[in-house]
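Below is one structure, written out as structure tokens; comments come after it.
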Number of protein chains: 2
Amino acid sequence: MKHTLNKNKQEILQAAQKQCLKHDLRFTSKRSNVLQLMLHENKPLSAYDIMADYKTQYNQSISAVSVYRMLDFLIHAQLVHKLASSSQYIVCSHITCHHAHETPQLLICDTCHQVEEIGIGTLLTSELEANIAATGFKLQHQQLELHGVCSSCQKLH
Amino acid sequence: MKHTLNKNKQEILQAAQKQCLKHDLRFTSKRSNVLQLMLHENKPLSAYDIMADYKTQYNQSISAVSVYRMLDFLIHAQLVHKLASSSQYIVCSHITCHHAHETPQLLICDTCHQVEEIGIGTLLTSELEANIAATGFKLQHQQLELHGVCSSCQKLH
DNA sequence: ACACAAATGTAATGTTATAACATTTCATCC
DNA sequence: GGATGAAATGTTATAACATTACATTTGTGT
């Protein structure tokens, strides 16, 4: 399934707010600031990167603990993904998509460090699940992180 | 493809030694000790766990740096996998298998923390690759870490 | 025995993440 | 509009994971 491209920030922020209301959570200004900052950077950031950026962009200090808490919040709200393989965080590319979210599949370029998020096909997902179910294992959360070189970087040799 | 169960330690150590010779690397006693320790524990361990275990089991101190270097070595020799999602390390289940290694797929039980390593089918692998190739991305290294609950833990509710 | 590369040791420090407890913010109810 | 209680954030300290830089030792080939 093809995903529509990200719409503008405004729309993403509104979607985020809606997501939060639905779960009785507060979309505070700091949380919003963190999300905006991450949208603006549009690349994986560490928690400490975010802390530094926040200071620069909003001229206001924020502690590491707070950043981690906000990231936890945004992850639970399905607005942000954690890249376990690099301990970094990135905004979900599909916030404004209306269909059910598929298994996120993150293609991480080891050259330019950009991340492309694609949705694995449902056929493939069910095959993968069947493969796993055969062992009696019950899947909880699935996110595939795949490392390689993106098409842009391949062109530059 | 079904994998044979792990054979005894002796055989694994021999296979490991052979792997190293092939690449002109030394399978030193410390590296061997670390591998044996990991085999013995048979569960994911952090680098610092290994450091502590080493001290206990061999009555000899070893530094964190050394542990990380040995882990790097064992990973490159394809004897050990790193679990990025938990910053832990575990011996590859397929060391003594003779066929080419498939994409390692690690089923991590979030209850008992045991890891089951299965090989993703080649059909599935090629589908996944096709899916990815469509985006122009070139895969480098693939390892799937999937979290859930293993069959034993499901039985205990 | 020498030379050289590989392996390991040592010390310091960088990076990622959480614990424990205090304070502030904000919606709700009276 | 003030009380109140939960959610959010602040503060301080520290735990856990990982690397850098440089010194020393070990083992192999000549």
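Sequence lines set the chain letters: A, B, ... in the order given, protein chains first and strands last, and positions in each chain run from 1.
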Sugar-phosphate only, base, or nothing, as touched by A:Phe27 at under 4.0 Å among non-hydrogen atoms: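 No contact.
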
Please report, rounded to the nearest Å, how far the [atom2] atom of [N] is from the [atom1] atom of [X].
X: B:Asp72; N: D:dA18; atom1: CG; atom2: P; answer: 10 Å
X: A:Leu83; N: C:dA17; atom1: CG; atom2: P; answer: 11 Å
X: B:Met51; N: C:dT8; atom1: CE; atom2: C1'; answer: 15 Å
X: A:Leu25; N: D:dA6; atom1: CG; atom2: P; answer: 16 Å
X: A:Tyr89; N: C:dA17; atom1: OH; atom2: C1'; answer: 8 Å
X: A:Leu74; N: D:dA8; atom1: CG; atom2: P; answer: 12 Å
X: B:Ile50; N: D:dA16; atom1: CD1; atom2: P; answer: 16 Å
X: A:Met70; N: D:dA8; atom1: CE; atom2: P; answer: 10 Å

Is any side-chain heavy atom of [Y] closer than 4.5 Å to one of [X]?
X: B:Cys112; Y: B:Ser152; result: no
X: B:Tyr54; Y: B:Met70; result: no
X: A:Lys82; Y: A:Leu71; result: no
X: B:Lys9; Y: B:His40; result: yes
X: B:Lys43; Y: B:Leu45; result: yes

Residues within residues 55-66 of chain B bordering DNA chain C, heavy-atom distance below 4.0 Å: B:Ser63, B:Val65, B:Ser66

Over all atoms of both residues, closest heavy-atom pair of A:Ser85 and A:Glu145: OG-OE1, 2.5 Å

Distance-only polar pair, side chains of A:Asp53 and A:Thr56, donor-acceptor under 3.5 Å: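 On atom types as modelled, these side chains do not qualify, holding no pair under 3.5 Å.
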
Does [N] have OP1 or OP2 under 4.0 Å away from a side-chain N or O of [X]?
X: A:Thr28; N: D:dA7; value: no
X: A:Lys30; N: D:dG10; value: yes
X: B:Tyr54; N: C:dT8; value: no
X: A:Arg31; N: D:dT9; value: yes
X: B:Ser46; N: D:dC17; value: yes

Side-chain donor/acceptor of A:Tyr48 to base of C:dA17, under 3.5 Å: yes

Please determine, for the side chain of [X], which listed nucleotide ([options]) has the closest atom?
X: B:Lys82; options: C:dA7, D:dA18, C:dC26; value: D:dA18
X: B:Tyr68; options: D:dA18, C:dA7, C:dA17; value: D:dA18
X: B:Arg26; options: C:dA6, D:dA8, D:dC22; value: C:dA6

Position toward the 5' end of DNA chain D (nearest nucleotide), B:Arg69 or A:Arg69: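 Nearest-nucleotide comparison on DNA chain D picks A:Arg69.
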
Donor-acceptor contact below 3.5 Å, side chain B:Gln154 vs main chain B:Val149: yes

